[in-house]
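Report on one structure; see the data block that follows.
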Amino acid sequence: MAEKELILREKMDHSGLFNFSDIYTYLYRYLVEEGNFIVKEEKYSEKVSGAAREITVEWVASKPLGDYYAIEFKIKFELTGVTDVEAEIDGKKQKMNKGKIAVDLKGFLIIDPLSKWDPTPTLKFLREVYNKYIIPQRNKDTKMLVVLAVTGFKENLKSILELTGKR
């Protein structure tokens, strides 16, 4: 069985103006096109109460790093009090969303995602020896890749929210 280790968990909140459909599209493309991740939407729910909406979106993004490692993201967007408003951006009126958006990011490192080292107890033991004594630096370097991927995603999200809010 593959080993799955939580490497980094990040959270961020934003209140104000944003365009969720643009954010959704941009971040999906960022993961798929720039990061070469496979993205699965595990949940999308929307509750409407009056003029306000509550939206929950959960993604799982995964990317193999060779035969022995894989990166996995779990991304959860929770939008509360979302209302549609018109805002003037660059002299033009555009439809925007106003409310609060909270994002929870979890970055995992998966060792032996295809479970090639699991068929026998001997192979499991050899995997532990291999991880602990032969490639400990490689494990640290790969964990750093997970950290960089999660922080890069968070920084892109922050920048798009800041750009939208300041226009």
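In this text the structure is predicted, and so the values were computed from the model without any measurement.
- Residues Phe108 and Leu145 fall into different hydrophobic clusters, defined by Ile, Leu, Val, Met, Phe, Trp and Tyr side chains chained together at heavy-atom separations under 4.5 Å.
- With 3.5 Å as the limit, one finds no donor-acceptor pair spanning the side chains of Asp112 and Tyr69.
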Full working for side chain to side chain contact (heavy atoms under 4.5 Å, CB included) between Lys140 and Thr142: CA-CA 5 Å; Lys140 288 180 185 176; Thr142 309; over 6 Å; no
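- Summarising the geometry of Ser15 relative to Lys100, their closest heavy-atom pair is OG-CG, 3.7 Å, with the distance given to 0.1 Å.
- Here Lys95 does not pair with Glu86 in a salt bridge; the nearest charged N to carboxylate O distance is not below 4.0 Å.
- Contact annotation: the side chain of Glu33 approaches that of Arg29 to within less than 4.5 Å [non-hydrogen atoms, C-beta and beyond].
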Run the side chain to side chain contact (heavy atoms under 4.5 Å, CB included) check on Lys143 and Val147 step by step: do they pass? CA-CA 6 Å; Lys143 288 177 183 179; Val147 170; 5.7 Å; no
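- At least one side-chain heavy atom of Leu31 sits under 4.5 Å from a side-chain heavy atom of Ile75.
- The 12-atom threshold is not exceeded at NZ of Lys98, counting heavy atoms of other residues, nucleotides or ligands nearer than 6.0 Å.
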Full working for salt bridge (Lys or Arg N to Asp or Glu O under 4.0 Å) between Glu72 and Lys106: CA-CA 8 Å; Glu72 183 178 278; Lys106 294 178 187 174; over 6 Å; no
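- Distance CD1/Ile55 to OG1/Thr80: 10.0 Å, rounded to 0.5 Å.
- Here the CG atom belonging to Asp84 is positioned 11.0 Å from the CE atom belonging to Met96, to the nearest 0.5 angstrom.
- Between Met12 and Lys154 the shortest side-chain heavy-atom distance falls below 4.5 Å.
- A donor-acceptor pair is defined here as one N or O able to donate and one able to accept, closer than 3.5 Å; no such pair exists between the side chain of Lys74 and the backbone of Gly107.
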Using atom types as modelled, flag every donor-acceptor pair under 3.5 Å from a side chain in residues 36-51 to any protein atom, sequence neighbours excluded.
unit_1: Glu41; atom_1: OE1; unit_2: Tyr24; atom_2: OH; d: 2.2
unit_1: Glu41; atom_1: OE1; unit_2: Trp59; atom_2: NE1; d: 3.4
unit_1: Tyr44; atom_1: OH; unit_2: Glu46; atom_2: OE1; d: 3.1
unit_1: Glu46; atom_1: OE2; unit_2: Arg53; atom_2: NH1; d: 3.2

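- Residue Ala102 comes nearest to Asp13 through the heavy atom pair CB-OD1, 3.1 Å, listed as atom of the first residue, atom of the second, then distance.
- For the pair Ile111/Tyr68, a side-chain contact is recorded, criterion being any heavy-atom separation below 4.5 Å from C-beta on.
- Across all their heavy atoms, Pro113 and Ala70 have their closest contact at CG-CB, 4.0 Å.
- Below 30°, between 30° and 60°, or above 60°: for Phe18 and Phe20 the angle between ring planes is above 60°, a perpendicular geometry.
- Between the CD1 atom in Ile71 and the CG atom in Leu65 there is a gap of 4.5 Å [rounded to 0.5 Å].
- Side-chain contact between Leu157 and Ile23 is present, with heavy atoms from C-beta onward closer than 4.5 Å.
- Using a distance-only test at 3.5 Å, with no hydrogens or angles considered, a donor-acceptor pair links the side chain of Ser159 to the main chain of Asn156.
- For the pair Leu17 and Asn97, the minimum side-chain heavy-atom distance is 4.5 Å or more.
- A distance of 8.0 Å separates CD in Glu58 from CD in Glu78, rounded to the nearest 0.5 Å.
- By the criterion of side-chain heavy atoms lying less than 4.5 angstrom apart, applied directly or through intervening Ile, Leu, Val, Met, Phe, Trp or Tyr residues, Val60 is not grouped with Val150; the two fall into different hydrophobic clusters.
- Rounding to the nearest 0.5 angstrom, the gap separating the CG atom in Asn19 from the CG atom in Leu161 is 11.0 Å.
- Expressed to the nearest 0.5 Å, how far CG of Leu79 lies from CD1 of Ile101 amounts to 4.0 Å.
- In this structure the side chain of Phe73 never reaches within 4.5 angstrom of the side chain of Leu105, judged on heavy atoms.
- A 4.5 Å side-chain heavy-atom check between Phe77 and Thr56 finds every atom pair outside the cut-off.
- Neither Leu6 nor Val146 shares a network with the other; the hydrophobic side chains, linked directly or stepwise wherever heavy atoms of I, L, V, M, F, W or Y lie under 4.5 Å apart, form separate groups for each.
- In this structure, Leu123 is not a member of the same hydrophobic cluster as Ile110, with clusters built from ILVMFWY side-chain heavy atoms closer than 4.5 Å.
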